[in-house]
Trainee: 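Let me begin by handing over the structure; questions about it come next.
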Amino acid sequence: AWELYKVTGDRQWLETVYPIAKKSLEVDLRTVIERETGLARGESSFIDWREQSYPRWMEPSDIYDSKCLGTNMVFYIALSSASEMGRILGDTQTAEAFASEASQIKDAINKHLWMEDKGYYAMYLAGRNHDLLYDKSETLGQALAILYGVAEGERAVTLSENMPVVDYGAPVFWPWIPDIPPYHNRAVWPFVQSFWIQASAKTGNETGVLHGISAVWRAAMMYATNKENYVANDGNWRGTQVNSSNMLWSLSGSLSITFRTLMGIQYNDPQCLTFAPVVPKSLKAERKVKGFRYRDAVLDITVKGYGDIIRSFSIDGEVKEKPVFPAGMTGNHTVEIVLA
């Protein structure tokens with residue numbers, strides 16, 4: 001809901017969804033947060049076929065009681081987003097409370113789930129009488145930690161360099177379980193891979209960006225469609241337990257490579273469009289996106305060169321100090337970015 005508002009600037013939409021978000025989170029804060037650790041309890045994000053990712057001894061109550069990286073990242077993002085909504089709509093008290101809760105979850109993730117010896121976060125804390133750290137790496141949670149600033153500075157760079165990947169991409173989690181067939185286990189999901197591409201781009205990890213783009217586009221070209229998932233160790237969709245073609249979040253992830261990474265289009269601020277292209281050297285080119293709609297403007301965008309440093313940014317031929325396009329501009333415009 002917050003992402004949609006950043007795209008459209010529709011205040012009526014914000015006024016409609018904020019009370020729902022507020023009530024939902026207020027209920028969750030009474031029932032989901034474990035106060036001993038400050039982490040949110042619950043099943044592992046989208047990884048919801050339980051035998052695929054949890055030990056067989058764990059019952060639903062044990063899974064509820066687990067504290068997972070990906071799920072905690074979702075709560076951190078939701079609380080942060082609702083806090084921003086509240087500030088815009090003048091609900092300052094709730095906005096501050098949500099921001100405080102988000103900050104506590106961020107601190108708890110870094111305190112309880114970060115593994116200094118491995119250089120990435122653990123998948124979850126879980127146990128019946130005593131919690132144990134399950135030191136698998138879960139890619140979506142790692143990516144969101146970088147993208148939303150839970151992993152900051154050197155920690156983000158360390159995470160980008162150390163998170164386990166295989167030849168055919170970033171697996172949903174690693175290491176996988178040897179006696180469970182591929183679905184979440186032993187699989188690459190293009191939408192998860194696409195979040196990891198964005199995280200690699202944010203940390204300036206050119207190798208990670210290129211590896212990720214190759215993983216998504218190789219599979220799309222091999223199978224002439226955007227499959228839901230494919231087997232991590234051979235890159236084939238055959239052998240997966242459930243699959244779909246033309247899968248919406250795989251398609252969206254593939255589009256994000258062009259729009260968010262190579263063209264650098266970012267909706268960071270409701271008041272403007274921000275540009276931060278990341279182009280690996282081997283993908284050096286002049287790229288154009290024409291007819292891109294943003295609020296009441298239509299943009300023709302060109303990105304030249306390679307790298308992640310902008311040498312020049314211009315709107316309608318006029319060089320600008322910052323790579324932003326204001327939300328209030330209307331009509332047709334050209335944007336040109338030259339990378340250094």
Trainee: Verify the neighbour count for atom OH of Y306: are there more than 12 heavy atoms of other residues, nucleotides or ligands below 6.0 Å?
Mentor: no
Trainee: Taking R56 first and then D179, would you say they form a salt bridge - that is, a charged N and a carboxylate O separated by under 4.0 Å?
Mentor: yes
Trainee: Which pair of non-hydrogen atoms, one from I310 and one from P277, has the smallest distance, and what is that distance?
Mentor: CD1-CD, 3.9 Å
Trainee: What's the separation between atom CG in L273 and atom CG in L299, rounded to the nearest 0.5 Å?
Mentor: 7.0 Å
Trainee: Working note: T8 + W13, criterion side chain to side chain donor-acceptor pair (under 3.5 Å); need CA distance, chi angles, decisive distance, verdict.
Mentor: CA-CA 9 Å; T8 65; W13 165 250; 5.8 Å; no
Trainee: Which value, rounded to the nearest 0.5 Å, describes the distance between F313 atom CZ and T274 atom OG1?
Mentor: 9.0 Å
Trainee: Check whether any side-chain N or O of S66 sits under 3.5 Å from a backbone N or O of I63 as a donor-acceptor pair, and report yes or no.
Mentor: yes
Trainee: Of the non-hydrogen atoms in I197 and V209, which two are nearest, and what is the gap between them?
Mentor: O-CG2, 3.9 Å
Trainee: In terms of side-chain geometry, is the basic nitrogen of E101 or R35 positioned less than 4.0 Å from the acidic oxygen of its partner?
Mentor: yes
Trainee: Looking at I88, I'd like to know if its CD1 atom is crowded, meaning that more than 12 non-hydrogen atoms belonging to other residues, nucleotides or ligands lie closer than 6.0 Å.
Mentor: yes
Trainee: Checking S200 side chain against W196 main chain: does a donor-acceptor pair fall under 3.5 Å?
Mentor: yes
Trainee: Donor-acceptor pair, D65 side chain versus S61 backbone, under 3.5 Å?
Mentor: no
Trainee: Apply side chain to side chain donor-acceptor pair (under 3.5 Å) to K227 and S245, showing your working.
Mentor: CA-CA 5 Å; K227 288 286 187 182; S245 297; 3.0 Å; yes
Trainee: Mind checking the OG-CD spacing from S44 to E138? Nearest 0.5 Å is all I need.
Mentor: 5.0 Å
Trainee: Tell me whether the count of non-hydrogen atoms from other residues, nucleotides or ligands lying under 6.0 Å of CD in E3 goes above 12.
Mentor: yes
Trainee: Would you indicate whether D167, at its atom CG, is surrounded by more than 12 heavy atoms from other residues, nucleotides or ligands within a distance under 6.0 Å?
Mentor: no
Trainee: Distance-only, no hydrogens or angles: does the K136 side chain make a donor-acceptor pair with backbone N or O of P175 under 3.5 Å?
Mentor: yes
Trainee: Flag yes if more than 12 heavy atoms outside F195 fall under 6.0 Å of its CZ atom; otherwise flag no.
Mentor: no
Trainee: Run the side chain to side chain donor-acceptor pair (under 3.5 Å) test on Q142 and S137 for me, step by step, so that the C-alpha distance in whole Å, both residues' side-chain angles and the decisive distance to 0.1 Å come before the verdict.
Mentor: CA-CA 8 Å; Q142 314 280 13; S137 166; 3.2 Å; yes
Trainee: At what distance, to the nearest 0.5 angstrom, does CG of L251 lie from CE of M247?
Mentor: 9.5 Å
Trainee: So do the side chains of S160 and I146 get within less than 4.5 Å of each other, counting heavy atoms only?
Mentor: yes
Trainee: Which atom names give the shortest non-hydrogen contact between P190 and V188, and what distance separates them?
Mentor: CD-O, 3.8 Å
Trainee: Side chains of R155 and N110 only: does a donor on one sit below 3.5 Å from an acceptor on the other?
Mentor: yes
Trainee: Measure from the side-chain N and O atoms of D316 to the backbone N and O of H333, and report whether any donor-acceptor pair falls under 3.5 Å.
Mentor: no
Trainee: Between D300 and K288, is there a donor-acceptor pair closer than 3.5 Å when you use the side chain of the first and the backbone of the second?
Mentor: no
Trainee: May I have the step-by-step check of salt bridge (charged side-chain N to carboxylate O under 4.0 Å, His left out) for K106 and E152, ending in yes or no?
Mentor: CA-CA 11 Å; K106 175 180 177 177; E152 298 177 288; 3.1 Å; yes
Trainee: Give the ring-plane orientation class for F259 versus F292, where under 30° counts as parallel, over 60° as perpendicular and anything between as tilted.
Mentor: tilted
Trainee: Look at R30 together with E26 and state whether they make a salt bridge at an N to O cut-off of under 4.0 Å.
Mentor: no
Trainee: According to ring pair (Phe, Tyr, Trp, His ring centres under 6.0 Å), who are the partners of Y64, at least two apart in sequence or on a separate chain?
Mentor: none
Trainee: Ignoring hydrogens and angles, tell me if any N or O in the side chain of E206 forms a donor-acceptor pair with the backbone of K281 under 3.5 Å.
Mentor: yes
Trainee: Any donor-acceptor pair under 3.5 Å linking the side chain of T139 with the backbone of P171?
Mentor: yes
Trainee: Is there a side-chain contact between W49 and I180, using heavy atoms and a 4.5 Å cut-off?
Mentor: no
Trainee: What I'd like to find out is whether the side chain of L147 reaches to under 4.5 Å of the side chain of Q198, using heavy atoms alone.
Mentor: yes
Trainee: Which word best sums up how the rings of F191 and F46 line up, parallel for under 30°, tilted for 30 to 60°, or perpendicular for over 60°?
Mentor: perpendicular
Trainee: When you check the gap from the basic side-chain N to the acidic O, do R128 and D62 get nearer than 4.0 Å?
Mentor: yes
Trainee: Where the side chain of D91 meets the backbone of R87, is there a donor-acceptor pair that is under 3.5 Å apart?
Mentor: no
Trainee: Give every residue pair that meets the side chain to side chain donor-acceptor pair (under 3.5 Å) criterion with at least one member in residues 180-194, sequence neighbours excluded.
Mentor: Y183-E228, R186-N233
Trainee: Knowing that exactly one of L79, I20, V32, T94 qualifies, which makes a side-chain contact (heavy atoms from CB on, under 4.5 Å) with L25?
Mentor: L79
Trainee: Tell me, which pairs form a ring-ring contact (aromatic ring centres under 6.0 Å, His included) where one or both residues lie in residues 93-115, sequence neighbours left out?
Mentor: W114-Y121
Trainee: Would you say the side-chain atoms of S100 pair up with the backbone N or O of E96, donor to acceptor, closer than 3.5 Å?
Mentor: no
Trainee: Check the pair V303, E286 against side chain to side chain contact (heavy atoms under 4.5 Å, CB included), reporting the backbone distance first and the verdict last.
Mentor: CA-CA 6 Å; V303 175; E286 179 176 315; over 6 Å; no
Trainee: So, for Y54 and Y124, is the gap between ring centers shorter than 6.0 Å?
Mentor: yes
Trainee: For the OG1 atom of T71 and the CD atom of E43, what is their distance to the nearest 0.5 Å?
Mentor: 7.5 Å
Trainee: Which pair of heavy atoms, one from A151 and one from A156, lies closest together, and at what distance?
Mentor: O-CB, 3.4 Å
Trainee: Determine whether E34 and T37 satisfy the following criterion, side chain to side chain donor-acceptor pair (under 3.5 Å), listing intermediate values before the conclusion.
Mentor: CA-CA 6 Å; E34 182 191 79; T37 60; 2.8 Å; yes
